Amino acid sequence: MPRAFSERDPVEVARALLGQLLVHQHRGVLRVGRIVETEAYVGPQDLACHASKGRTARTEVMFGPAHHAYVFLVYGMHHCVNVVTGHGTAVLLRALEPLEGLAGRRTDGPGRLTAALGITLAHNATPLDEPPLFLAEGDLVRPRDIRRGPRIGVDYAGAWARKPLRFWLRDNRYVSATP
DNA sequence: GCGGTGATAGAT
DNA sequence: TCTATCACCGCC
């Protein structure tokens with residue numbers, strides 16, 4: 001995918017990423033999943049978005065060029081990967097449909113997704129249009145097959161927690177469980 | 001439902 | 001330096 005893909009409003013990108021492929025190439029091993037669930041984090045004003053802390057060492061990548069990876073560690077053990085859409089915005093990848101190199105691995109949920117593909121903090125700030133970690137063109141998704149609802153795990157964000165910024169493919173078995 | 005785990009940000 | 005907090009997950 002070209003970098004221009006991610007140089008758009010994060011909500012548009014969150015929808016457009018559904019059906020696209022996330023690929024990780026590591027020491028000759030190829031792992032590929034189809035993106036089936038995303039969440040938009042829409043900028044410094046969004047209290048659920050890490051960029052609401054302003055520009056810090058951690059959030060700086062979100063203010064850099066679009067189409068780069070923002071990877072962070074939560075709860076001391078789980079990595080989460082985002083597609084940076086610039087200006088302090090990003091799209092969290094929450095679930096994949098396994099396509100290649102993922103036999104027997106669960107890819108529903110942001111922590112399981114990164115564990116299955118082998119994504120770590122080493123991938124933070126890397127461009128997503130070249131190996132080892134990149135986005136590739138998948139299939140076209142019909143707008144009617146996209147569902148939306150509140151984001152997961154951000155209850156602390158008040159009214160921002162209730163905004164429908166989570167997107168997923170209707171009836172897809174790999175979408176993570178809804179609380 | 002509960003707690004592990006370590007990076008981060010802000011306080012001290 | 002210390003401490004609270006956390007875009008989760010597996011097991012109870």
Side-chain angles (χ1 to χ4, degrees), chain A residues 6 8-18 20 22 24 31 33 35-64 66-98 102-126 128 133 135 146-169 172-179:
Chain A
S6 302
R8 294 184 275 165
D9 179 272
V11 171
E12 277 184 49
V13 175
R15 297 173 60 95
L17 277 169
L18 297 174
Q20 311 297 345
L22 181 65
H24 186 213
R31 295 186 173 92
I35 298 167
V36 298
E37 181 183 355
T38 59
E39 281 177 359
Y41 288 84
V42 300
Q45 75 282 9
D46 173 3
L47 295 181
C49 181
H50 290 171
S52 65
K53 301 282 186 189
R55 294 178 79 130
T56 68
R58 179 204 219 188
T59 65
E60 189 61 27
V61 62
M62 297 178 79
F63 291 91
H67 213 63
H68 284 239
Y70 168 44
V71 183
F72 64 92
L73 187 66
V74 274
Y75 301 105
M77 53 188 95
H78 305 292
H79 296 276
C80 294
V81 62
N82 296 252
V83 176
V84 169
T85 42
H87 314 288
T89 70
V91 176
L92 173 68
L93 304 183
R94 284 196 58 90
L96 304 176
E97 177 175 335
L102 295 169
R105 306 298 303 267
R106 291 185 63 181
T107 51
D108 56 318
R112 284 190 284 257
L113 176 164
T114 53
L117 265 73
I119 297 169
T120 69
L121 289 179
H123 297 94
N124 188 41
T126 60
L128 290 172
L133 182 66
L135 293 165
I146 297 175
R147 293 288 175 269
R148 68 187 294 174
R151 294 173 293 185
I152 306 294
V154 295
D155 289 350
Y156 61 86
W160 282 95
R162 296 186 284 279
K163 293 185 183 291
L165 294 173
R166 173 182 180 230
F167 300 86
W168 66 92
L169 288 183
N172 187 286
R173 62 173 287 204
Y174 298 101
V175 170
S176 70
T178 308

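Computed from a predicted structure; not experimentally measured. Each chain gets a letter, A, B and so on, in the order its sequence line appears, and its residues count up from 1.
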Set of residues satisfying ring pair (Phe, Tyr, Trp, His ring centres under 6.0 Å) with respect to A:His78, sequence neighbours excluded
none
Separation of B:dG6 P from A:Leu121 CG (nearest whole Å)
12 Å
Take atom NE2 of A:His79 and atom P of B:dT5, then tell me their distance rounded to the nearest Å.
15 Å
I'd like to check the salt bridge (charged side-chain N to carboxylate O under 4.0 Å, His left out) partners of A:Asp46; sequence neighbours left out, ordered by chain and number.
A:Arg151
Checking A:Arg58 now: which residues fulfil salt bridge (charged side-chain N to carboxylate O under 4.0 Å, His left out) with it, not counting sequence neighbours?
none
Is there any salt bridge (Lys or Arg N to Asp or Glu O under 4.0 Å) pair reaching into residues 78-95 of chain A, and which pairs are they, with sequence neighbours excluded?
A:Glu37-A:Arg94, A:Glu39-A:Arg94
Can you name the residues that form a side chain to side chain donor-acceptor pair (under 3.5 Å) with A:Thr107, not counting sequence neighbours?
none
Any residue meeting side chain to side chain donor-acceptor pair (under 3.5 Å) with A:Arg147, in chain and number order, not counting sequence neighbours
none
Taking protein heavy atoms under 4.0 Å as touching, what does nucleotides 6-12 of chain C look like 5' to 3' if B marks base contact, S marks sugar-phosphate-only contact and - marks none?
BBBSS--
Just list the side-chain donor-acceptor pairs under 3.5 Å for residues 154-162 of chain A, sequence neighbours left out, or say none.
| residue | atom | partner | partner atom | Å |
| --- | --- | --- | --- | --- |
| A:Tyr156 | OH | A:Ala48 | O | 3.4 |
| A:Trp160 | NE1 | A:Gln45 | O | 3.3 |

Pairs counted as Watson-Crick or G-U wobble with both distances under 3.5 Å: what dot-bracket string results for DNA chain B, using | for bases tied to another strand?
||||.||||||.
Scanning both residues in full, the closest heavy-atom pair of A:Ala95 with A:Ser176 reads CB-N, 4.1 Å
